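First comes the structure, then the notes that go with it.
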Amino acid sequence: MAVDALTEIEIARPRVEVAAYASDPGNITAWYEKIERVEWKTAPPLAVGSQLSFVARFLSRRLAYTYQIRELVRGERLVMSTSDGPFPMETTYTWEDAGAGRTRMTLRNRGEPSGFSKIAGPVMARAMSRANRKDLALLKEILEASREGGSAGR
């Protein structure tokens, strides 16, 4: 079973700010609860072809994988994918204006599990959707709090 988890949220911050913060690898561990570490495999800045290694905990398992940036339209869309690990995955972020000073962000994870992950596909899909909702809610909290108190970040 293919996994396809699509989540969206509206954030009371301008699109350029939301996109810049969310697409900065240095901020990922602040708003992704399950990601423990991110390291550049290629030299910054972020561009098509850049590679980032991630270490995460998901469903009580430690996962290590490398994403490659496949598409980057600053302020609009970021697509990255991995072919290594037990669960090849594509992650897409999109940002669009949602009114004055507001942004609608979508986070989509999709992939084709293999091995144990294939058996656990339906459970993984629900867990991924739940995790994505929590991560986007945390991103919203961070960015909207920065409106009152200064720079975005934790």
Side-chain angles (χ1 to χ4, degrees), residues 1-39 46 48 50-99 102-147 152-154:
M1 171 193 170
V3 172
D4 192 347
L6 176 64
T7 310
E8 73 174 46
I9 197 164
E10 197 168 295
I11 300 172
R13 301 295 292 162
R15 178 170 47 96
V16 67
E17 290 179 26
V18 175
Y21 185 88
S23 64
D24 182 343
N27 295 329
I28 289 174
T29 58
W31 67 276
Y32 267 102
E33 181 182 73
K34 306 279 186 207
I35 296 178
E36 297 174 347
R37 190 171 69 242
V38 178
E39 294 177 1
L46 198 65
V48 171
S50 293
Q51 294 184 350
L52 300 158
S53 68
F54 288 71
V55 174
R57 287 237 169 250
F58 187 69
L59 295 176
S60 301
R61 296 174 63 130
R62 181 185 178 276
L63 303 173
Y65 49 94
T66 300
Y67 267 119
Q68 182 166 344
I69 305 304
R70 302 288 180 199
E71 182 181 344
L72 178 60
V73 179
R74 295 209 186 273
E76 293 179 21
R77 183 175 169 88
L78 169 66
V79 180
M80 54 187 165
S81 64
T82 181
S83 57
D84 61 349
F87 189 20
M89 173 87 65
E90 179 181 87
T91 298
T92 302
Y93 303 154
T94 63
W95 303 278
E96 59 186 44
D97 294 329
R102 300 185 69 80
T103 303
R104 179 173 301 104
M105 179 176 171
T106 62
L107 168 58
R108 182 179 192 185
N109 287 311
R110 62 183 173 168
E112 195 70 49
S114 61
F116 167 77
S117 298
K118 189 171 191 170
I119 296 166
V123 172
M124 288 182 74
R126 285 190 301 276
M128 193 173 295
S129 291
R130 193 169 40 252
N132 286 355
R133 283 191 303 274
K134 288 174 71 175
D135 293 337
L136 286 180
L138 181 54
L139 178 64
K140 175 183 175 81
E141 178 185 321
I142 291 167
L143 291 173
E144 290 182 355
S146 74
R147 170 173 272 164
R154 279 192 157 186

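From a predicted model like this one, the values you see are computed outputs, not experimental measurements. By convention here, the first residue in the shown sequence is residue 1.
- Of all heavy-atom pairs spanning D97 and R104, the tightest one is O-NH1, 4.4 Å.
- Atom CG of N132 sits about 4.0 Å away from atom CG of L107, to the nearest 0.5 Å.
- Interatomic distance, K34 NZ to R57 CZ, rounded to the nearest 0.5 Å: 10.5 Å.
- Every side-chain contact (heavy atoms from CB on, under 4.5 Å) that S50 has, sequence neighbours left out, goes to W40, T42, L46, A47, I69.
- Nearest heavy-atom pair across P25 and L52 is CG-CD1, 3.8 Å.
- Formation of a donor-acceptor pair under 3.5 Å by the T91 side chain with backbone atoms of M80 is not found in this model.
- For F54, the ring-ring contact (aromatic ring centres under 6.0 Å, His included) partners at least two apart in sequence or on another chain are Y65, Y67.
- Remark: the backbone N or O of G75 is paired with a side-chain donor or acceptor of R15 at under 3.5 angstrom.
- Between M105 and V18, the closest heavy-atom pair is SD-CG1, 4.2 Å.
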So W31 and E141, side chain to side chain contact (heavy atoms under 4.5 Å, CB included) or not? Walk me through it.
CA-CA 9 Å; W31 67 276; E141 178 185 321; over 6 Å; no

Determine, stepwise, if the pair L78 / W95 fulfils side chain to side chain contact (heavy atoms under 4.5 Å, CB included).
CA-CA 9 Å; L78 169 66; W95 303 278; 4.0 Å; yes

Review item, side-chain donor-acceptor pairs of residues 4-11, under 3.5 Å, at least two apart:
residue	atom	partner	partner atom	Å
D4	OD1	R108	NE	2.8
D4	OD1	R108	NH2	3.4
D4	OD2	R108	NH2	2.5
E10	OE2	R102	NE	2.7
E10	OE2	R102	NH2	3.2

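- Residues Y21 and S146 form no side-chain contact, since every pair of their non-hydrogen atoms from C-beta on lies 4.5 Å or further apart.
- Taking the side-chain contact (heavy atoms from CB on, under 4.5 Å) definition, one finds that S53 meets it with E39, K41, T66, sequence neighbours left out.
- Looking only at side-chain heavy atoms (C-beta outward), R37 and T29 stay at 4.5 Å or farther from each other.
- Screening residues 64-75 for salt bridge (charged side-chain N to carboxylate O under 4.0 Å, His left out) gives E71-R77 as the qualifying pairs, with residues at least two apart or on separate chains.
- Between L139 and A22, the closest heavy-atom pair is CD2-CB, 4.1 Å.
- Distance check: S81 OG to R110 CZ gives 10.0 Å after rounding to the nearest 0.5 Å.
- Taken to the nearest 0.5 Å, the CG atom of L63 stands 9.5 Å off from the CD atom of E36.
- For R133, there are no salt bridge (Lys or Arg N to Asp or Glu O under 4.0 Å) partners at least two apart in sequence or on another chain.
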